[in-house]
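One structure is given below, encoded as structure tokens.
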Amino acid sequence: VEFIQGDIRDNDLVYNLVKKVNGIFHLAADVGNIKSIENPVEDAEVNVLGTLNLLNAAKEYKVSKFVFSSSGAIFGEVSYLPVDEEHPCEPDSPYGVTKLASEKHCLCYSRLYDMDIVCLRYFNVYGVNQRYDPYGNVIPIWTGLLLQNKPFTIYGNGEQTRDFINVKDVAMANIQAFETPGIKGAFNVGSGDSITINQLAEIFKKVSNKDIEVIYAPPRKGEVLDSRAKIDKAVNTFNFKPQVSLEEGIREYIDWVGSIGLGIH
């Protein structure tokens with residue numbers, strides 16, 4: 001692996017790199033609903049203009065396959081569960097808007113220039129190597145608090161639901177989508193199941209064998225109440241089958257963070 005640190009908004013860098021490849025996994029993004037509300041302009045510059053920069057380079061150099069990391073945030077508050085790919089998209093945050101716009105650009109380029117572009121709509125991804133970040137996923141945030149013996153904060157009543165998918169399964173979805181010839185379009189990538197945030201706290205208590213204090217706070221803007229992916233399209237098209245159970249994945253993540261002291265402050 002050759003690692004080059006750069007910015008997808010850097011036109012010269014992107015074009016120079018893309019001309020050397022035959023496929024692209026586009027995971028670069030400014031991530032987070034709350035962060036995007038605080039700084040929507042930067043969110044759009046990275047997520048939309050950066051994606052267009054990559055798409056133009058891919059078109060120029062005739063890249064054979066392009067896999068874009070989209071997000072379940074494009075749906076906003078859902079009208080039915082599980083959420084299939086045809087569900088209306090009404091994002092509740094600038095982040096969701098930029099992911100939807102980027103996805104639309106990808107699918108448009110796929111039609112205009114006959115490119116094999118796949119958009120994978122990730123739901124709540126977690127797992128080893130995920131950074132601890134106040135804007136990030138509840139699982140790394142709670143893991144940091146757990147290892148400091150601090151209470152968990154739940155925003156709202158805790159009955160909101162989330163579909164958590166382990167990063168190993170997400171990585172496999174990317175590989176399968178890339179290696180399956182001739183496929184295009186958008187696909188949900190989740191576990192196909194969901195739990196409440198209160199149930200998530202109980203899993204943390206079970207895995208850690210700790211009596212964790214839970215504090216409830218008012219709901220936050222930009223966060224949906226319920227989320228669960230219908231994944232039949234990905235299962236049937238490129239044989240996507242999530243393997244990692246939530247309890248197994250959380251235990252592995254806690255052990256990993258504990259072993260390296262990742263970002264605990």
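All values below come from the heavy atoms of this structure, side chains included, with hydrogens, waters and symmetry mates left out. Residues take their numbers from the sequence shown, with the count starting at 1. The structure displayed is predicted, hence computed values, not measured ones.
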Item to complete: Quick one: list whatever passes side chain to side chain donor-acceptor pair (under 3.5 Å) with E223, sequence neighbours left out.
Response: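 Side chain to side chain donor-acceptor pair (under 3.5 Å) list for E223, sorted by chain: R220.
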Practice prompt. Decide side-chain hydrogen bond (donor to acceptor under 3.5 Å, both in side chains) for Q243 and D169; before the verdict, give the C-alpha distance in whole Å, the side-chain angles of both, and the deciding distance to 0.1 Å.
Written response: CA-CA 7 Å; Q243 301 291 319; D169 290 323; 5.9 Å; no
Around atom [atom1] of [X], are there more than 12 heavy atoms of other residues, nucleotides or ligands at under 6.0 Å?
X    : atom1 : value
K241 : NZ    : no
K168 : NZ    : no
K104 : NZ    : no
Q199 : CD    : yes

Working to the nearest 0.5 angstrom, can you tell me the gap between [X] [atom1] and [Y] [atom2]?
X    : Y    : atom1 : atom2 : value
T143 : W256 : OG1   : CH2   : 10.0 Å
I4   : L17  : CD1   : CG    : 4.5 Å
F164 : N124 : CZ    : CG    : 5.0 Å

Worksheet item: Does V118 sit in a hydrophobic cluster with other residues, and if so which ones, taking ILVMFWY side chains as linked at heavy-atom separations under 4.5 Å, directly or through other members?
Response: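 When side chains under 4.5 Å apart are linked, the cluster holding V118 also contains F25, L27, V67, L120, Y122, V125, I165, V167, V170, F178, I183, F187, V189, I231, V235, F238, F240.
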Fill in: Same apolar cluster (I L V M F W Y, side chains within < 4.5 Å links), F152/L147
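Linked, F152 and L147 end up in one cluster.
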Fill in: ILVMFWY cluster, L246 and I154 together (side-chain gap under 4.5 Å)
yes
Discussion item. Before you tell me yes or no, could you show the steps for N56 and Y109 under side-chain hydrogen bond (donor to acceptor under 3.5 Å, both in side chains), namely the whole-Å CA-CA distance, both residues' side-chain angles and the distance that decides it to 0.1 Å?
Written reply: CA-CA 9 Å; N56 283 328; Y109 270 60; 2.6 Å; yes
Fill in: Ring-ring centroid check Y126 Y253, cutoff 6.0 Å
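When the ring centroids of Y126 and Y253 are compared, they turn out to be at least 6.0 Å apart.
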Discussion item. Within the 3.5 Å criterion, strictly below it, is a donor on N47 or D30 matched to an acceptor on the partner's side chain?
Written reply: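 No.
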Worksheet item: Got a donor-acceptor contact below 3.5 angstrom from the K99 side chain to the G72 backbone?
Response: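 A pair under 3.5 Å: no.
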